[in-house]
Amino acid sequence: MEFNLFLPQMRLSFDDLVARARAAEAAGFVGMTGMDHLAPPLAYEQPMYEAIVTTTWLAAHTGRISLGSLVLCDAFRLPALLARQAVAIDHASGGRFELGIGWGSVPEEFVTFGVGSTEPRERVERLRESLEVMRALWAGEVVDYDGEYHQLHGARQVPLPLGRIPIVIGGTGRKTLALVRDHADWWNVHVGDVGKLDELRSQVGTARVSIQQMVAFVGREGDRDAITATATRRFGASRPVIGTAPELVDHYGRLADRGIERVYTWFCDFAPPETLAEFGAEVIAKLA
């Protein structure tokens with residue numbers, strides 16, 4: 001079991017984000033990921049930084065953890081441009097970039113910002129084409145591609161990735177599972193779909209399994225009642241896991257027994273460094 005800090009880059013300064021990234025690195029997290037939206041969901045008035053710029057900045061201020069987004073929205077970017085951005089971060093970070101990508105979770109954004117179709121079929125097909133284009137460019141091929149959404153003629157990219165850039169795709173729909181099977185290194189499963197793992201596992205090829213889960217960590221000096229009340233008020237609809245270190249060790253151990261190899265951990269207290277340090281010492285270290 002490995003842990004990746006999921007931390008939306010909103011309501012936090014760049015200094016705050018760097019402090020948390022460095023604390024996560026010291027605590028034993030393998031990576032840190034943000035979100036990708038044009039406006040923060042359900043928090044439209046809050047300040048938020050763009051995903052690629054944030055990832056680049058964090059890569060420049062850390063030395064070990066992987067960095068990326070859970071997940072970039074395909075419709076926001078041309079695949080040829082994203083392929084080059086990914087390689088640039090890959091080289092700058094010494095191979096620590098992971099490409100999490102999906103076909104969009106908030107259709108209202110597509111209408112508000114005019115970035116593409118809200119139809120699921122079109123969005124998932126566009127993502128399939130984008131993945132094919134990026135992987136062809138990363139392979140060093142001269143790419144001729146005549147798709148419904150993307151057309152390239154004699155295109156190529158230099159430099160190439162340092163190694164394989166890991167791809168993360170989430171979802172359990174039939175077409176999404178096919179994308180996971182054909183392109184992904186990691187299959188991110190919604191926590192509500194964990195019960196379907198045994199049924200769906202054979203459809204995703206060699207992709208490893210991850211989940212994203214919100215957690216309210218009750219530390220050594222924590223007031224469980226107060227922490228529970230705050231987590232419920234802020235994030236009750238997300239049904240966060242609430243527990244002490246031993247309780248969370250048991251919880252994550254059960255997930256590991258189901259074949260889940262990574263948890264994108266989203267802290268209800270917005271992951272101050274002291275929370276990350278204690279979680280690393282009392283949870284991550286116990287499961288290492």
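Put simply, the side chain of H37 never gets that close to the backbone of A39: no donor and acceptor are under 3.5 Å apart. Between the side chain of E2 and the main chain of V263, no donor-acceptor pair closer than 3.5 Å is present. Formation of a donor-acceptor pair under 3.5 Å by the W187 side chain with backbone atoms of G171 is found in this model. Although no hydrogens or angles enter the test, the distance criterion places a donor-acceptor pair under 3.5 Å between the side chain of R64 and the main chain of F29. Checking side-chain atoms of R20 against main-chain N and O of F270 turns up a donor-acceptor pair under 3.5 Å. Side chain of Q46 to main chain of P40: no donor-acceptor pair is present (N/O by atom type, distance under 3.5 Å, no hydrogens or angles). In this structure a side-chain-to-backbone donor-acceptor pair under 3.5 Å is present from R96 to A59.
A donor-acceptor pair shorter than 3.5 Å can be found between the side chains of Q213 and H251. Looking at S238 and W266, their side chains never bring a donor and an acceptor atom within 3.5 Å of each other. A donor-acceptor contact under 3.5 angstrom links the side chains of D16 and S13, judged on distance only. Residues R22 and H61 have side chains that never bring a donor and an acceptor to within less than 3.5 angstrom of each other. For the residue pair R224 / T244, no side-chain donor-acceptor distance below 3.5 Å is found, with atom types taken as modelled.
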Please tabulate, for the side chains in residues 273-285, all donor-acceptor contacts under 3.5 angstrom to protein atoms that are two or more places apart in sequence or on a different chain.
unit_1 : atom_1 : unit_2 : atom_2 : d
T275   : OG1    : D269   : OD2    : 2.6
E278   : OE2    : R220   : N      : 2.6
E282   : OE2    : R220   : NH1    : 3.2

Identify all side-chain donor-acceptor contacts of residues 146-153 below 3.5 Å with residues at least two apart in sequence or on another chain.
unit_1 : atom_1 : unit_2 : atom_2 : d
H150   : NE2    : S130   : OG     : 3.0
Q151   : NE2    : G147   : O      : 2.6

Exercise. Run the numbers on E125 and R121 for salt bridge (charged side-chain N to carboxylate O under 4.0 Å, His left out), then give the verdict.
Key: CA-CA 6 Å; E125 284 301 310; R121 185 200 68 80; 5.6 Å; no
Quiz item: When you look at V18 and T62, which way does the side chain to side chain contact (heavy atoms under 4.5 Å, CB included) test go after all the steps?
Solution: CA-CA 8 Å; V18 167; T62 54; over 6 Å; no
Practice problem: Evaluate the criterion side chain to side chain contact (heavy atoms under 4.5 Å, CB included) for residue pair L17 and Q9; output intermediate values, then yes/no. | Solution: CA-CA 7 Å; L17 291 166; Q9 64 276 17; 4.0 Å; yes
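In this structure, the side chains of V168 and E98 come closer than 4.5 Å at one or more pairs of heavy atoms. Two residues are said to be in side-chain contact when any heavy atoms from C-beta on lie closer than 4.5 Å; T33 and L5 fail this criterion. Using a 4.5 Å heavy-atom cutoff, the side chains of R135 and H183 are in contact. With contacts defined as side-chain heavy-atom distances shorter than 4.5 Å, the pair R234/T230 qualifies. The closest side-chain heavy-atom distance from N4 to T265 is not below 4.5 Å.
Contact between A80 and L137 at its shortest, heavy atoms only, is CA-CD1, 4.0 Å. The two residues I227 and A216 make their nearest non-hydrogen contact at CG2-CB, 3.9 Å. Of all heavy-atom pairs spanning E119 and S117, the tightest one is N-OG, 2.9 Å. Considering all non-hydrogen atoms of both residues, L160 and Q157 come closest at CD2-O, 3.3 Å. Of all the heavy atoms in L162 and G95, the pair that sits closest is CD1-N, 3.6 Å.
Salt bridge status for D193 with K196: present, with a side-chain N to carboxylate O gap under 4.0 Å.
A centroid separation of 6.0 Å or more is found between the aromatic rings of F3 and Y264. Proximity of the aromatic rings of F217 and F267 is defined here by a centroid distance below 6.0 angstrom, and this criterion is not met.
One distance of note links CD of E199 with OG1 of T172; it measures 9.0 Å at 0.5 Å rounding. The CD1 atom of I89 sits 3.5 Å away from the OG1 atom of T56 when rounded to the nearest 0.5 Å. The distance from the CD1 atom of I167 to the CG atom of D185 is 6.0 Å, given to the nearest 0.5 Å. Atom-to-atom distance recorded for R128:CZ and K175:NZ is 9.0 Å, nearest 0.5 angstrom. Taken from SG in C268 to CE in M214, the straight-line distance is 5.0 Å, to the nearest 0.5 Å. One finds the OG1 atom of T228 at 4.0 Å from the CD1 atom of I242 (value rounded to the nearest 0.5 Å).
Taking the centre and axis of the six-membered ring of F110, the NZ or CZ atom of R123 falls inside the cone set by 45° and 6.0 Å. Annotation: cation-pi geometry not satisfied between R126 and W103 (NZ/CZ under 6.0 angstrom from ring centroid, within 45° of ring axis).
The environment of CH2 in W57 is sparse: at most 12 heavy-atom neighbours from other residues, nucleotides or ligands sit within 6.0 Å. Counting non-hydrogen atoms of neighbouring residues, nucleotides and ligands closer than 6.0 angstrom, the CZ atom of R156 reaches no more than 12 such neighbours. Heavy-atom contacts from other residues, nucleotides or ligands closer than 6.0 Å to CG of L42 number 12 or fewer.
L99 and M32 fall within a single hydrophobic cluster, where Ile, Leu, Val, Met, Phe, Trp and Tyr side chains are chained together by heavy-atom contacts under 4.5 Å. Follow the hydrophobic side-chain contacts under 4.5 Å out from I165 and you reach L67 in the same cluster. When the side chains of ILVMFWY residues are joined at heavy-atom separations under 4.5 Å, either directly or via intervening members, V215 and M1 end up in a single hydrophobic cluster. Under the 4.5 Å side-chain heavy-atom criterion for grouping Ile, Leu, Val, Met, Phe, Trp and Tyr, L70 is connected to M10 within one hydrophobic cluster. V87 and L58 fall within the same hydrophobic cluster, where Ile, Leu, Val, Met, Phe, Trp and Tyr residues are linked whenever their side-chain heavy atoms come under 4.5 Å apart, directly or through other members.
Among residue pairs with one or both ends in residues 76-91, those qualifying as side chain to side chain donor-acceptor pair (under 3.5 Å) are D36-R77, E50-R77; sequence neighbours excluded.
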